[in-house]
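Below, read A as the first sequence line, B as the second, and so on, with proteins coming before strands; counting in each chain starts at 1. Because only heavy atoms are used, hydrogens play no part in the values below, and waters and symmetry mates are left out as well, while side chains stay in. If you're wondering where the values come from, they're calculated on a predicted model, not measured in any experiment.
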Protein chains: 2
Amino acid sequence: MLRITKITDYGFILLAHMANQDKELLHNAKDLSAAIGIPLPTVSKVLKILTQGGILQSHQGSKGGYSLAKPAGEITAAEIIEAVEGPVAITDCSSSEGCERNCVVSPSWQQVNTAVIGALSGLTLADMSNG
Amino acid sequence: MLRITKITDYGFILLAHMANQDKELLHNAKDLSAAIGIPLPTVSKVLKILTQGGILQSHQGSKGGYSLAKPAGEITAAEIIEAVEGPVAITDCSSSEGCERNCVVSPSWQQVNTAVIGALSGLTLADMSNG
DNA sequence: CTCAATTAAGACCAAATAGGTCTACTATTT
DNA sequence: AAATAGTAGACCTATTTGGTCTTAATTGAG
């Protein structure tokens, strides 16, 4: 439906929340869950995915938690979506491998896809939080 | 996954095919199915949806079929996607009704969404077919 | 060194969506 | 009337997504 998934949406909400606070502060899943009102197991899953995607840094063990891996101004919406959902591609045609069918419409999709990625890359976490 | 559905993809293929031929020619579902290699019931479904969305004109009865409702240069990708999938909205936040949660990230999504719609509106069926 | 807190990995199930097919009906031409 | 096409919508299946749970592995504190 040309829409980001709920998990990605949660990711943005969590990241915006973290960006609005002291960058060095470690946030654990439990506190974030309480602060935002999303169930703990789900929050935990999202944080894990964001960490694997390099958006967050994690610190295991007691007193552990998560923090942004980079300044909020350097984390783009494109990056976040890719971390959670994989490469952005409006159609299979427009994926980085190109269209294996070599169909007529393929070049046009590439163009649209580039525009979409451009829009998403121009938007940083800092822009989105600024609370 | 930020992707159009298969049905929408079929729609583009069918429309591009039709745009590449005499505009007045009526195409019936059976011939289109044979020409493109998509099963008849599926082609039939897609054509029906495109007609309801005002992209195609239909003519019932024997010797009936479908034709473009407008010149290919006036049919945009945005229109086609909306006809099949409903309004384009990256998130619920960015739908035309606005974000009922009134969250921080909402204005940013509006912005991205506008950019995406812009890209899709700048691309016509004529651009995509031109075979 | 042990315990408690916390993330890591991934299995797992349920719900939602999408894909595709089918049947019955209506309209039009011959 | 008969044949051809579109119309409407039900229907089932497969895939994806959402969410939870269990079992590790890691680290700080006493």
Mind checking whether [X] and [Y] sit in one hydrophobic cluster, side chains of I, L, V, M, F, W, Y counted as touching below 4.5 Å?
| X | Y | value |
| --- | --- | --- |
| Val43(A) | Leu26(A) | no |
| Leu25(B) | Leu14(B) | no |
| Leu40(B) | Ile49(B) | no |

Separation of atom [atom1] in [X] from atom [atom2] in [N], rounded to whole Å:
| X | N | atom1 | atom2 | value |
| --- | --- | --- | --- | --- |
| Leu26(A) | dG28(D) | CG | C1' | 12 Å |
| Leu32(B) | dA5(D) | CG | C1' | 12 Å |
| Asn28(B) | dT28(C) | CG | C1' | 14 Å |
| Leu47(B) | dA5(D) | CG | P | 13 Å |
| Tyr66(A) | dT26(D) | OH | C1' | 12 Å |
| Lys30(A) | dA4(C) | NZ | P | 14 Å |
| Ile38(A) | dT17(D) | CD1 | C1' | 16 Å |
| Ile49(B) | dG6(D) | CD1 | P | 15 Å |

Please tell me if [X] has a side-chain N or O lying less than 4.0 Å from either OP1 or OP2 of [N].
| X | N | result |
| --- | --- | --- |
| His59(B) | dT29(C) | yes |
| Ser58(B) | dA5(D) | no |
| Thr5(B) | dG19(C) | yes |
| Ser44(A) | dA8(C) | no |
| Tyr10(A) | dG18(D) | no |

Exercise. Would Arg3(A) and Glu85(B) pass as an ion pair if we require N to O under 4.0 Å?
Worked result: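 No, Arg3(A) and Glu85(B) are not salt-bridged.
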
Exercise. Reckon Ile7(A) touches a base, only the sugar-phosphate, or nothing at all at heavy-atom distances under 4.0 Å?
Worked result: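 Ile7(A): backbone/sugar contact only, no base atoms under 4.0 Å.
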
Exercise. Nearest to the side chain of Lys6(A) - dG18(D), dA9(C), dG28(D)?
Worked result: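 The nucleotide sitting nearest to the side chain is dG18(D).
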
Exercise. Of the nucleotides dA3(D), dA8(C), dG19(D), which one has an atom closest to the side chain of Ser62(B)?
Worked result: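 Nearest to the side chain of Ser62(B) among the choices is dA3(D).
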
Indicate, yes or no, whether a donor-acceptor pair under 3.5 Å links the base of [N] to the side chain of [X].
| X | N | answer |
| --- | --- | --- |
| Lys45(A) | dG19(D) | yes |
| Gln60(A) | dT26(D) | no |
| Lys48(A) | dA9(C) | yes |

Exercise. Could you walk me through whether Thr76(A) and Leu120(A) pass the side chain to side chain contact (heavy atoms under 4.5 Å, CB included) check?
Worked result: CA-CA 7 Å; Thr76(A) 69; Leu120(A) 292 172; over 6 Å; no

